[in-house]
Participant: 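I have a structure here, written as structure tokens, and I will follow up with some questions on it.
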Amino acid sequence: MNAFRSASRLSTRATSQFLPRGAAGAINPTTIPAFAQQQPTQSAVANISTSLPAPKAPALHELGSVDHAFTDDRIDRVAEPERRAFTYLLLSGVRFAYASTARVLVVKFVSSMSASADVLALASAEFDIGAVGLGKTITVKWRGKPVFIRHRTPAEISAEAGVSLASLRDEETDDDRTLQPEWLVVLGICTHLGCVPISGAGDFNGWFCPCHGSHYDVSGRIRKGPAPLNLEVPPYKFTEPTKILIG
């Protein structure tokens, strides 16, 4: 108790040093500790907060810079129909330009992939067969491949026409392989492994492939050996009685 009184006296002296004269005597030393311990209640804080007015949102014109582009640049379709037509015309023109550019690019790309003039020139070749004797075979070159052209005799034509399809591995009639019976045109590439057969050899007097023993007749059909198919007939036509165009 004595310690509390001593502390009260010291606080009174300290306060009197900072207050003007006459004011220090007006303060009751016994009430200072009770006054310092008082705290505002929650109800008082709530009353103070509710009594303050809520902040008001600023109006649009109070924000300073306002963009009027929506109202200024908006097209009135009723009052200004010509502006709408101009807009549609401009959009259509731009789209047409894009489509034309795309078409040109596609055409150039496709044309770059097509064969050149020198390649197209080699796609077909014409040969004169007037000097080929009866029963003889010549070998010409077409697209880098050998082509056999044989002038067949009437006996060879009749013999090949009488072959039964049941005896053939790759069934084809002689008429289906020729445009004119006396002329046979076939690719000189064996259908087994791509070798070049020998003309006028083999068991059927047509072509013989010595690599694996494939025998072809005078119609170019496989008759014996491992080859699975007949000799291929290239596309050809007669431009003149003694001229043939292959390709």
Participant: Main chain of Gly247, side chain of Ser124: is a donor-acceptor contact present, judged purely on distance under 3.5 Å?
Facilitator: no
Participant: Rounded to the nearest 0.5 Å, how far does CD1 of Ile157 lie from CG of Asp174?
Facilitator: 7.5 Å
Participant: With under 30° as parallel and over 60° as perpendicular, where do the rings of His151 and Trp183 fit, or are they tilted in between?
Facilitator: parallel
Participant: In Å and rounded to the nearest 0.5 Å, what is the OG to CZ distance from Ser199 to Arg150?
Facilitator: 7.5 Å
Participant: As an exercise, state the distance from SG of Cys209 to CG of Leu193, rounded to the nearest 0.5 Å.
Facilitator: 8.0 Å
Participant: Does this structure show an ion pair linking Lys224 with Asp203, if we count only N-O contacts that are shorter than 4.0 Å?
Facilitator: yes
Participant: Would you compute the distance between atom CZ of Phe204 and atom CG of Asp217 and round it to the nearest 0.5 angstrom?
Facilitator: 7.5 Å
Participant: How close do Ser214 and His192 get, counting heavy atoms only, and between which atoms?
Facilitator: OG-CB, 4.4 Å
Participant: Taking all heavy atoms of Val196 and all of Pro146, pick out the closest pair and write down the distance.
Facilitator: CG2-CG, 4.2 Å
Participant: Taking side chain as C-beta onward, heavy atoms only, is Arg177 less than 4.5 Å from Thr173?
Facilitator: no
Participant: Hydrophobic clustering (ILVMFWY, side-chain heavy atoms < 4.5 Å, transitive) - are Val186 and Ile198 grouped together?
Facilitator: no
Participant: Are Phe148 and Ile129 grouped together when hydrophobic residues (ILVMFWY) are joined by side-chain heavy atoms under 4.5 angstrom apart?
Facilitator: yes
Participant: Using every non-hydrogen atom in the two residues, find where Val218 and Trp207 come nearest and quote the distance to one decimal.
Facilitator: O-CZ3, 4.0 Å
Participant: So, do Ile222 and Leu229 sit near enough that their side-chain heavy atoms are less than 4.5 Å apart?
Facilitator: no
Participant: For Asn230 and Asp170, indicate whether the former's side chain and the latter's backbone hold a donor-acceptor pair under 3.5 Å.
Facilitator: yes
Participant: Is there a donor-acceptor contact under 3.5 Å from the side chain of Arg169 to the main chain of Ala227?
Facilitator: yes
Participant: Could you pull out the closest heavy-atom pair between Pro197 and Tyr216, with the gap in Å?
Facilitator: CG-CE1, 4.4 Å
Participant: Any salt bridge linking Arg221 with Glu160? Criterion: basic side-chain nitrogen under 4.0 Å from a carboxylate oxygen.
Facilitator: yes
Participant: Distance from Lys237 atom NZ to Leu245 atom CG, nearest 0.5 Å?
Facilitator: 6.0 Å
Participant: Does any donor atom in the side chain of Thr239 or Glu126 lie under 3.5 Å from an acceptor atom in the other side chain?
Facilitator: yes
Participant: Quick check: closest heavy atoms across Val163 and Ser167, and the distance to 0.1 Å?
Facilitator: CG1-OG, 3.8 Å
Participant: Looking at side-chain heavy atoms only, is the closest gap between Arg152 and Thr178 below 4.5 Å?
Facilitator: yes
Participant: Do Glu232 and Thr191 touch side chain to side chain, with heavy atoms closer than 4.5 Å?
Facilitator: no
Participant: Are Phe127 and Val185 packed together at the side-chain level, in the sense that at least one heavy-atom pair is separated by less than 4.5 angstrom?
Facilitator: no
Participant: From Arg223 CZ over to Phe208 CZ, what is the distance, rounded to the nearest 0.5 angstrom?
Facilitator: 15.5 Å
Participant: Can you see which heavy atom on Asn205 is nearest to which on Gly200, and at what distance?
Facilitator: OD1-O, 3.9 Å
Participant: Just wondering, do Ile244 and Ile149 contact through their side chains at under 4.5 Å, heavy atoms?
Facilitator: yes
Participant: Please answer: with hydrophobic residues joined when any side-chain heavy atoms are less than 4.5 Å apart, are Leu168 and Leu184 in the same cluster?
Facilitator: no
Participant: Any Lys/Arg nitrogen of Asp128 or Lys243 sitting under 4.0 Å from an Asp/Glu carboxylate oxygen of the other?
Facilitator: no
Participant: Evaluate Val140 against Ile138 for side-chain contact (heavy atoms from CB on, under 4.5 Å), listing each step before the verdict.
Facilitator: CA-CA 7 Å; Val140 297; Ile138 63 172; 4.2 Å; yes
